[in-house]
2 protein chains.
Amino acid sequence: MPVNENDPRVQRTRQLLMQAFMELLEEKKNIYSISVQDIAARATVNRATFYAHFADKFAFLESWMREKFQRKLSNELPNGSLSDMDGLRALMLSVFDFLARTRLYMTPGDRQFEPLFEIAMQKELDRLLLRWLRGLQQPSASPELVEATALFASWGIFGSAVQWSRAPRERTAESAVRDLLVVVAAGVKPVTG
Amino acid sequence: MPVNENDPRVQRTRQLLMQAFMELLEEKKNIYSISVQDIAARATVNRATFYAHFADKFAFLESWMREKFQRKLSNELPNGSLSDMDGLRALMLSVFDFLARTRLYMTPGDRQFEPLFEIAMQKELDRLLLRWLRGLQQPSASPELVEATALFASWGIFGSAVQWSRAPRERTAESAVRDLLVVVAAGVKPVTG
DNA sequence: TTAACGATGTTGCTTAAACAACGGTGTTGG
DNA sequence: CCAACACCGTTGTTTAAGCAACATCGTTAA
């Protein structure tokens, strides 16, 4: 496994692999039938190098999904990161939207990867919320409390999005987010004061 | 200097450098002001690596021009290579066209690179003609004669194209090529019989 | 059954690429 | 003038990537 994440070669291979995978996804339409061979070949990267970066195909997929998710969030959040309640609203809408779009790309055979993707999203969400809360926490709040809050909120938001995405026709994302925002605001009160 | 030309890493870096240079050319519009620094950075390649592949900027430019020229020829020649008199006509038209287009991209400051580019073109032309003549030579013809013919014809064609490209308005490329073809056909007679 | 096949991981060795550092050479401009 | 600057070209060392070969494990088909 490469030691230095900042090594341009490392970044480039990662980039090439991700790009290659997306191209293949466009063509083949289902994740299951894309082999590590395929990805490496398309990326003009040796298969062994793939395994130098990712433990296995699952680790790669998680990483890929995290990357996509990150990119979408930083694109759709005002000034690129979570800064206030308005940002929080935008964040939630992005999550809802992302989840809906992801479902469109999943064939029945790809169902097995769902948990993987969801874990990646929740993790990223947690990371983001944690950074936000740390930036505006009360001095009185313990680090543990802040972490617990971020974790709780990340799952809460994410789970709500999952639930909604299973039957998006019943309700608009905007409406669901409106309610959710109230709940979350209350949930983070203990930390933000 | 890399040892094995077929190493994918070698091909990739070369590709990246060429691509980077073309992008910079689109933006800056003049070759002179593009530094090795610039090219390497855009290609996400270390500057030292550039020098592992090319002796200097001039060697790179020659290589780049050859590559472009090669690509154009193999695109515009029927079945990708020179096969008959009709192919020869197509070849000559390509050379004329290539030269005309190249002039459009050259600013006064880039004039210094002109000889470089011309040498690259002539060399490639020679290589192509040589392969062709070797394929259809009379058994009686000596290798030296074949080589001399290819060399002569490559300069003849190339020089005519240069001459024409300096004042393309005076005559169409098609017309110039029509005459040239007759001359060249006669020139290669001693070899083809 | 079994043999062929294709995919997954793994390993040891080789080589290309990254990097930092250096000296050299114009060329600005204070 | 000379000092800052930008670019060139080179070197020694470290590390990532390529490659070939191997074992393993399904799946398929003869």
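Letters A, B, ... are given to chains in the order of the sequence lines, protein chains preceding strands, and every chain is numbered from 1.
- When side chains are defined from C-beta on, Met121(A) does not count as touching Lys68(A), because their heavy atoms never get closer than 4.5 Å.
- Distance from the side chain of Lys57(B) is smallest for dC8(D) among the nucleotides dC8(D), dC19(D), dA17(D).
- To the nearest angstrom, P of dC19(D) lies 17 Å from CZ of Phe50(A).
- Phosphate contact (OP1/OP2 of dT10(C), side-chain N/O of Tyr51(A), threshold under 4.0 Å): absent.
- Comparing dT8(C), dA16(C), dC19(D) by their nearest atom to the side chain of Val36(A) picks out dT8(C).
- For CD of Glu27(A), the number of neighbouring non-hydrogen atoms (other residues, nucleotides, ligands) closer than 6.0 Å is greater than 12.
- When heavy atoms are screened at a 4.0 angstrom cut-off, Ser33(B) is found touching no nucleic acid atom at all.
- Considering only side-chain N and O atoms, Arg12(A) lies under 4.0 angstrom from the phosphate OP1 or OP2 of dA18(C).
- You'll find a donor-acceptor pair under 3.5 Å spanning the side chain of Arg9(A) and the base of dA17(C), going by distance alone.
- Between Asn4(B) atom CG and dA17(D) atom P the separation is 18 Å, expressed in whole Å.
- A residue-by-residue look at Pro8(A) and Asp56(A) shows that Asp56(A) has its nearest nucleotide of DNA chain C further toward the 5' end.
- Here Ala52(A) lies out of heavy-atom contact (under 4.0 Å) with every strand.
- Per the geometry, CG belonging to Asp7(B) stands 10 Å off C1' belonging to dT14(C), to the nearest Å.
- Atom OH of Tyr32(B) is separated from atom C1' of dC7(D) by 10 Å (rounded to the nearest Å).
- In this structure, Arg14(A) forms no cation-pi arrangement with Phe60(A), as its terminal cationic atom is not both closer than 6.0 Å to the ring centre and no more than 45° off the ring axis.
- Between the CD atom of Gln37(A) and the C1' atom of dC19(D) there is a distance of 13 Å, given to the nearest Å.
- Remark: Gln163(B) CD is loosely packed, at most 12 non-hydrogen atoms of other residues, nucleotides or ligands lying under 6.0 Å away.
- Between dG6(C) and Ser35(A), no contact under 4.0 Å exists linking OP1 or OP2 to a side-chain N or O.
- Between the P atom of dA18(C) and the CG atom of Asn6(A) lies a distance of 14 Å, rounded to the nearest Å.
- Dashed line: the shortest gap from a side-chain N or O of His53(B) to OP1 or OP2 of dA16(C) is not under 4.0 Å.
- Distances shorter than 4.0 Å separate some side-chain N or O of Thr13(B) from OP1 or OP2 on dA17(C).
- Between Met18(A) and Glu23(A) the shortest side-chain heavy-atom distance does not fall below 4.5 Å.
- Of the two residues near DNA chain D, Val10(A) and Arg47(A), the one whose nearest nucleotide lies more 5' is Val10(A).
- Not less than 6.0 angstrom separates the ring centroid of Phe69(B) from the ring centroid of Phe117(B).
- Between the C1' atom of dA16(D) and the CD atom of Gln11(A) lies a distance of 13 Å, rounded to the nearest Å.
- Distance CG (Leu16(A)) to P (dA17(C)): 14 Å, rounded to an integer number of Å.
- Residue Asn46(A) places at least one side-chain N or O closer than 4.0 Å to OP1 or OP2 of dC19(D).
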